[in-house]
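Contents: one structure, followed by commentary.
Just so we're on the same page: letters track the sequence lines, and every chain starts at 1.
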2 protein chains.
Amino acid sequence: MRASERAYRSLRQDIIDGHLPPGAVLGEVEQSERLGLSRTPLREAIGRLVAEGLAEPSTGRGVVVTKVSLAEAGLLFDLRTVLEGLAARRAAEHADAALFGDLADRFEAATEPLRGGADPTEYYALTEELDAAVDDACANPYLAQHLRGLRVHLTRLRRFSRKDPARLAASATEHAAIAHALAARNPELAAATTTMHLQHALAHLQSHQETAGTAPTDPRSGTRPGHETQHDHDTVTT
Amino acid sequence: MRASERAYRSLRQDIIDGHLPPGAVLGEVEQSERLGLSRTPLREAIGRLVAEGLAEPSTGRGVVVTKVSLAEAGLLFDLRTVLEGLAARRAAEHADAALFGDLADRFEAATEPLRGGADPTEYYALTEELDAAVDDACANPYLAQHLRGLRVHLTRLRRFSRKDPARLAASATEHAAIAHALAARNPELAAATTTMHLQHALAHLQSHQETAGTAPTDPRSGTRPGHETQHDHDTVTT
DNA sequence: TCGGCGATCTGTGTATACACTGGTGCCGTG
DNA sequence: CACGGCACCAGTGTATACACAGATCGCCGA
């Protein structure tokens with residue numbers, strides 16, 4: 001694999017799961033040494049992160065990791081609702097019934113284990129599969145591209161969501177409903193189930209605003225003070 | 001200005017106005033020599049173009065300019081409708097009445113000159129001003145970012161639209177209506193006038209599918225055959 | 001003591017040299 | 001004559017060296 005690709009994926013993952021918290025400076029020398037490559041591919045990786053909105057140039061401090069918190073959740077979900085709504089509509093028009101029927105079954109099968117406290121990792125992978133299938137079925141590469149660009153930020157929000165088995169199980173049921181609607185090739189139903197799911201997801205996210213779980217990096221100050229380097233890997237994992 | 005920024009703007013403009021037509025290969029050596037800089041900043045520029053969707057890696061041929069044509073217009077407007085609709089709604093909720101009132105006046109003032117065949121360049125600048133004001137007023141940086149990313153592609157479509165004074169005048173009137181709705185801080189009206197405008201714009205664009213004006217680069221073959229370099233500047237200008 | 005100013009210095013921006021991959025064309029062989 | 005393999009080569013990917021700008025810190029003067 002190309003070095004720039006490795007750097008990109010590594011930094012991207014570190015940002016998403018918080019090892020590189022909002023405000024952390026992405027020094028070229030520091031990061032290139034850490035990842036064991038030269039500045040050239042690293043700069044390319046940083047450029048991609050900036051284009052994605054995961055990092056941004058900050059005058060005087062170089063490129064820093066962008067802030068994301070529950071405060072942005074409303075804005076992100078506002079955008080997400082129209083994009084996923086449109087995608088669901090269009091996907092329902094072209095959907096492969098068998099494909100989405102299968103996904104619906106798998107979501108239903110996942111519900112009970114989640115309610116019992118199962119590891120949601122596998123479930124997240126399943127939702128990614130559904131997302132990818134919708135991206136494909138909506139037959140609109142531009143829409144799919146924008147959705148992919150948005151989902152990165154949504155994934156970052158996961159860190160702020162308490163892992164509530166009841167909510168995860170409900171979420172799986174909602175996903176099953178979406179998949180069923182797509183399998184039935186019913187655009188209106190697909191859009192409605194999607195909107196419903198997003199409303200619930202946002203409500204759940206915001207309901208935990210105060211009781212957020214495992215210390216998501218300094219909720220008090222947006223910009224962190226100094227120039228302390230950020231080598232340490234948090235033990236906090238999604 | 002940074003060399004990479006110059007390269008980016010130059011290439012971007014060349015792609016938008018067709019000097020670099022779809023399928024044209026963006027060779028690093030060739031372009032860096034043409035623009036008088038080294039490959040390093042040029043690579044950065046190309047990276048940004050790829051992220052924007054104006055270019056894409058093509059196996060074996062390097063990076064090439066992406067295709068855009070009336071065939072994609074429907075997909076682009078599908079996406080545009082939901083994004084601009086949401087932006088109009090949200091902008092109407094926060095709008096500065098004086099700002100949008102002024103824009104509305106200026107659109108109205110532009111209508112008659114356009115009907116008389118005036119140069120639309122100034123009018124395009126005015127629409128960009130409205131777009132920027134909406135981006136700002138919608139108070140959602142994520143939405144604004146996605147809109148900006150989409151507009152690049154829409155601008156490319158201009159080359160396919162015949163410059164019809166009647167349509168331009170009507171378009172100006174529609175923009176005035178949008179601005180008025182925003183000044184009135186009426187979300188529903190703002191969304192409706194926006195949707196109306198987009199429907200008309202798309203209809204006009206597609207009505208000229210066969211009689212498109214000034215030869216927009218090879219409508220017959222998506223991928224162009226050879227390795228002919230693309231130094232010559234078209235005299236065709238938007 | 002505080003404010004302004006200049007030197008230093010860290011870190012980015014650019015150029016260039018090198019490595020390597022993938023494609024192309026030629027040659028040999030069946 | 002066609003097909004497979006090999007060598008060459010163009011062009012990208014990466015490393016490194018250099019130039020330069022902005023920030024920081026210390027010093028000087030008021």
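Both the sub-6.0 Å distance and the 45° axial angle are satisfied by Arg158(A) relative to the ring of Tyr124(A).
The separation between Glu5(A) atom CD and dT12(D) atom P is 18 Å, rounded to whole Å. Between the CE atom of Met1(B) and the P atom of dC20(D) there is a distance of 19 Å, rounded to whole Å. The nearest whole Å value for the distance from the CG atom in Leu26(B) to the C1' atom in dG11(D) is 14 Å.
Near DNA chain C, meaning a heavy atom under 4.0 Å away, the residues from residues 36-49 of chain A are Arg39(A), Arg43(A).
One finds a salt bridge joining Arg34(B) and Asp14(B) here, because a Lys/Arg side-chain nitrogen approaches an Asp/Glu carboxylate oxygen to under 4.0 Å. Checked for salt-bridge contact, Glu128(B) and Arg151(B) miss the test: no charged N lies under 4.0 Å from a carboxylate O. Looking at Asp17(A) and Arg159(A), no side-chain N of the basic residue comes within less than 4.0 Å of a carboxylate O on the acidic one, giving no salt bridge. Between Glu44(A) and Arg43(B) a salt bridge is recorded (basic side-chain N to carboxylate O distance below 4.0 Å).
Remark: Arg9(A) CZ to Arg2(A) CZ distance equals 9.5 Å, nearest 0.5 Å.
A 4.5 Å side-chain heavy-atom check between Val50(B) and Glu56(B) finds every atom pair outside the cut-off.
Residue contacts shown for Gly27(A) are limited to sugar-phosphate atoms, with no base heavy atom under 4.0 Å away. Thr59(B) comes within contact range of no nucleotide atom at all, as no heavy-atom separation falls under 4.0 Å.
When DNA chain C is scanned in the 5' to 3' direction for atoms under 4.0 Å from non-hydrogen atoms of chain B, the outermost contacting nucleotides are dG13(C) to dA17(C).
With axes fitted over five pairs at each extremity, the angle between the ends of the helix from dT1(C)-dA30(D) to dG30(C)-dC1(D) is 0° (10° resolution).
Arg156(B) and Thr66(B) share a donor-acceptor pair across their side chains, judged by distance under 3.5 Å alone. Counting only N and O atoms by type, the side chains of Gln145(A) and Arg148(A) include no donor and acceptor under 3.5 Å apart. Side-chain atoms of Gln13(A) and Tyr8(A) include no donor-acceptor pair closer than 3.5 Å.
Heavy-atom distances to DNA chain D give each of Ala3(A) and Gly60(A) a nearest nucleotide, and the one nearer the 5′ end belongs to Ala3(A).
A 6.0 Å sphere centred on CD of Glu5(A) holds more than 12 heavy atoms belonging to other residues, nucleotides or ligands.
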